[in-house]
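In the text below, chain A, chain B and the rest are named by the order of the sequence lines, each starting its count at 1. Note that these values count all heavy atoms, side chains included, but never hydrogens, waters or copies made by symmetry.
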Amino acid sequence: MRYSEFGLTTLKEVPAEAEIVSHQLMLRAGLIRRLASGLFTWMPLGLRVLRRVEAVVREEMDRAGALELLMPAVQPAELWQETGRWEQYGPLLLRMIDRHQREFCFGPTHEEVITDIARRELRSYKQLPVNFYQIQTKFRDEIRPRFGVMRSREFIMKDAYSFDIDAEGLEASYQKMHVAYTAIFTRLGLKFRIVWADSGDIGGSKSQEFHVLADSGEDAIAYSDADDYASNIETAATQVPDGDRPIAAQELSKVETPGARTIESLCELLKISARQTLKTLIVEGTDGPVALALRGDHELNAVKAQKIAGVASPLKMADADTVSKVTGCEPGFAGPIGLDIPVFYDHATATMADFICGANAVDMHFTGTNFGRDLDAAETVDIRNVVAGDPVPGGKGTLSIARGIEVGHIFQLGDKYSRAMNATVQDSDGNDRALSMGCYGIGITRIVAAAIEQNHDDRGIIWPAPLAPFDVVLVPINMHRSDTVREAAESLYQELQDQGLEVLFDDRDVRPGVKFADAELIGIPHRLVVSERNLAADELEYRHRRDEDSRVLKRDAILNLLQKSSINY
RNA sequence: CGGGGCGUAGCGCAGCCUGGUAGCGCACCACAAUGGGGUUGUGGGGGUCGGAGGUUCGAAUCCUCUCGCCCCGACCA
């Protein structure tokens, strides 16, 4: 591709809308342009990268025996009503009405459609196992699209759905995808981690996420420093702490704490550590409001809390009126003593003694609170986020916390959808059995952003070889004044292409500095500089995007170096 | 949706408080010089100041409404 014919415009300045580095670089390098909130056009350069991601995903899915198909992006409401998700999915689902007043949605995922296919096509266990996949545009009307294509509303996803006769079959299909996903992210040159996860709205039991590690990641991952345990913080379990509860040493006493509505201000006022406090959160329950009590320095984990019997799911904080009604005071001073609603205590409270908590009275807290004496010592539950240093659940060592970008997710759905939609096949005994399903997603568009988060420097993007929009950038110096350079560059351009390489030939009549800067911004792995001074000795200058300095090599040596088969780094 | 902020040339911004002929840098076009790290000079094109209504002799500026976007919280590939 000749640069002069490629229509690429790069930006020197950072657009104000871009906050994280991948978004900034994607805009600056001309990969994407924004149309509206959460909607992006993939420009020619960006599309090349996208196609390369898709190619790797396709190859590995095909290798794993999955069958590609393409389902409609628009789906009829009836299908979603069968599984109850038409109501459940809420405003995330973009709904529309056709000219006949029929309701449709723009698919955010395709369990219903594929299950409909399965129920029509699959009759016998002999047709199993089967795994269908597609690479397709999805739409989720996200509450807050942000970070460019990282969390956009429209995005491209590879989604796959496996069908088996029973749980063992599902487990095998699931493991195949586990292997395929590992191969995909490895090939893409990404540093990733596989973590245990919550299956969320999609439903099902076993579920793992593939996270690209990056500080800008939206998810927190807890991992062991001693074994291979890793989990999304949403599901990482905490344990009842070892040891007995210390004996009460202080008397219960009510103290004035004017304006101390937060743990932070309370600690500042009383000159204490948050570990010595107990916070009481009033949330909606299945049968009236309930309270959740945590150590002051701990964070509530909504995913865990909403699974507790009696707590409303999804978790919702009680409004101020409800808080006033149950505590008899304004929000900010709630405490378990004298509270007339169910209270769920976090495990970590099991070893707390002589702690400070709200007194259910404005500007008042209790100090020296103790279980057994001031409060009933209750059973504890797991409702907090793990923190660095917590013991590894069921494993060795302690947990560390890292941030990750979720690029893949595999689930064992079981028969949730097949039952709801009556998708059955006959087993070898002639009995109808609900299909055992798995579903497997990869965020194609998000991978591009994640790769940049992990591979860039202050000059721009550094593409891992399999993702690069071009393999080589050819930079002639003063080509428009030197026939020698022009001829050499043109013939090199042809030869490199003949070797099967994707070459970006920077034939613009601009100063070398401009070409270098653009080449580095758009992150092409291999750079060849053609100049009069090196040509005289039949030499060229070569530099990999990751190299500190360039090397001057004989022309033949470079052509040899850039064999299609050997440039995968 | 709640809270905060911003809409002025393709991009980044100033001007608004205190109303009086719409500016700067980058990018773009032309010419010249330069010619291995975003070079320099001269000239030029490009704006219904997000939109509507109001106040005023006069509105980018003040008022009301509205639309869009960004950031902080609850969602997910």
Side-chain angles (χ1 to χ4, degrees), chain A residues 9-20 23-24 27-28 30 33-39 53 57 89-93 108-110 135-160 181 197-202 209-212 217-219 232 234 300 302-303 306 314-317 319-320 404-411 439-450 459-460 475-482 485 509-521 527 529-534 541 543 550:
Chain A
T9 47
T10 58
L11 267 34
K12 210 181 283 188
E13 282 168 301
V14 181
E17 70 192 55
E19 205 196 354
I20 60 170
H23 189 192
Q24 293 173 351
L27 254 14
R28 285 189 54 209
R33 297 275 106 112
R34 192 182 67 89
L35 175 65
S37 180
L39 301 178
V53 176
V57 171
Y89 225 84
L92 203 60
L93 194 61
T109 178
H110 280 70
I135 294 178
Q136 202 221 30
T137 299
K138 310 281 191 201
F139 192 97
R140 295 184 188 169
D141 200 355
E142 295 286 348
I143 302 159
R144 183 146 93 86
R146 68 188 127 168
F147 303 148
V149 298
M150 194 82 92
R151 174 167 300 283
S152 51
R153 295 195 292 176
E154 187 177 299
F155 58 100
I156 298 171
M157 178 167 149
K158 186 286 301 174
D159 49 329
Y181 275 38
D198 180 62
S199 47
D201 286 341
I202 305 223
E209 291 168 347
F210 290 70
H211 282 263
V212 166
E218 290 188 272
D219 287 281
N232 192 303
E234 286 178 349
L300 175 67
V303 171
Q306 68 201 13
L315 186 83
K316 221 178 145 196
M317 300 302 286
D319 57 39
I405 300 161
E406 185 188 354
V407 290
H409 200 158
I410 56 179
F411 302 81
C439 90
Y440 318 93
I442 289 182
I444 302 285
T445 38
R446 182 181 280 184
I447 283 176
V448 177
R459 293 178 170 186
V475 182
I477 304 291
N478 294 327
M479 182 177 79
H480 293 262
R481 296 189 309 134
S482 162
V485 171
D509 184 13
V510 294
R511 296 175 68 90
V514 175
K515 296 187 184 186
F516 294 148
D518 278 335
E520 281 155 356
L521 175 61
R527 187 185 80 185
V529 178
V530 184
S531 67
E532 210 147 36
R533 73 184 184 202
N534 288 326
E541 182 186 308
R543 172 141 98 140
S550 53

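Residues passing the salt bridge (charged side-chain N to carboxylate O under 4.0 Å, His left out) test with A:Arg481, sequence neighbours excluded: none. Partners of A:Glu13 according to the salt bridge (charged side-chain N to carboxylate O under 4.0 Å, His left out) rule, which considers only residues two or more places apart in sequence or in another chain, do not exist here. Here A:Phe155 pairs with nothing under the ring pair (Phe, Tyr, Trp, His ring centres under 6.0 Å) rule; sequence neighbours left out.
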Each nucleotide N or O in nucleotides 11-14 of chain B that has a protein N or O under 3.5 Å away: list the pair and distance.
unit_1	atom_1	unit_2	atom_2	d
B:rC11	O2	A:Glu13	OE1	3.3
B:rG12	OP1	A:Ala16	N	2.8

Polar-atom pairs under 3.5 Å, protein N or O versus N or O of nucleotides 45-47 of chain B: list them with distances, or write none.
none

For nucleotides 40-43 of chain B, give me every protein contact, N/O to N/O, under 3.5 Å, one pair per line with atom names.
none

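In this structure, A:Lys12 reaches the B:rA27 phosphate: one of its side-chain N or O atoms is under 4.0 Å from OP1 or OP2. Between A:Arg144 and B:rC71, a side-chain N or O to OP1/OP2 separation shorter than 4.0 Å is present. Put simply, A:Thr109 has no side-chain N or O that comes within less than 4.0 Å of OP1 or OP2 on B:rA77.
Taking the centre and axis of the six-membered ring of A:Phe516, the NZ or CZ atom of A:Arg527 falls inside the cone set by 45° and 6.0 Å.
Across B:rU64 and B:rA59, the matching C1' atoms stand 15 Å from one another, rounded to whole Å. Separation of the C1' atoms belonging to B:rA22 and B:rC65 is 26 Å when rounded to the nearest angstrom.
Two residues, A:Leu521 and A:Met157, neighbour RNA chain B, and the one matched to the more 5' nucleotide by heavy-atom proximity is A:Leu521.
Between the side chain of A:Arg153 and the backbone N or O of A:Asp141 there is no donor-acceptor pair closer than 3.5 Å.
One cannot find a donor-acceptor pair under 3.5 Å joining the base of B:rG35 and the side-chain atoms of A:Arg533.
Following rounding to the nearest Å, A:Arg146 (CZ) and B:rG4 (P) show an atom-to-atom distance of 18 Å.
Of the candidate nucleotides B:rC75, B:rG35, B:rG38, B:rC75 has the atom nearest to the side chain of A:Leu92.
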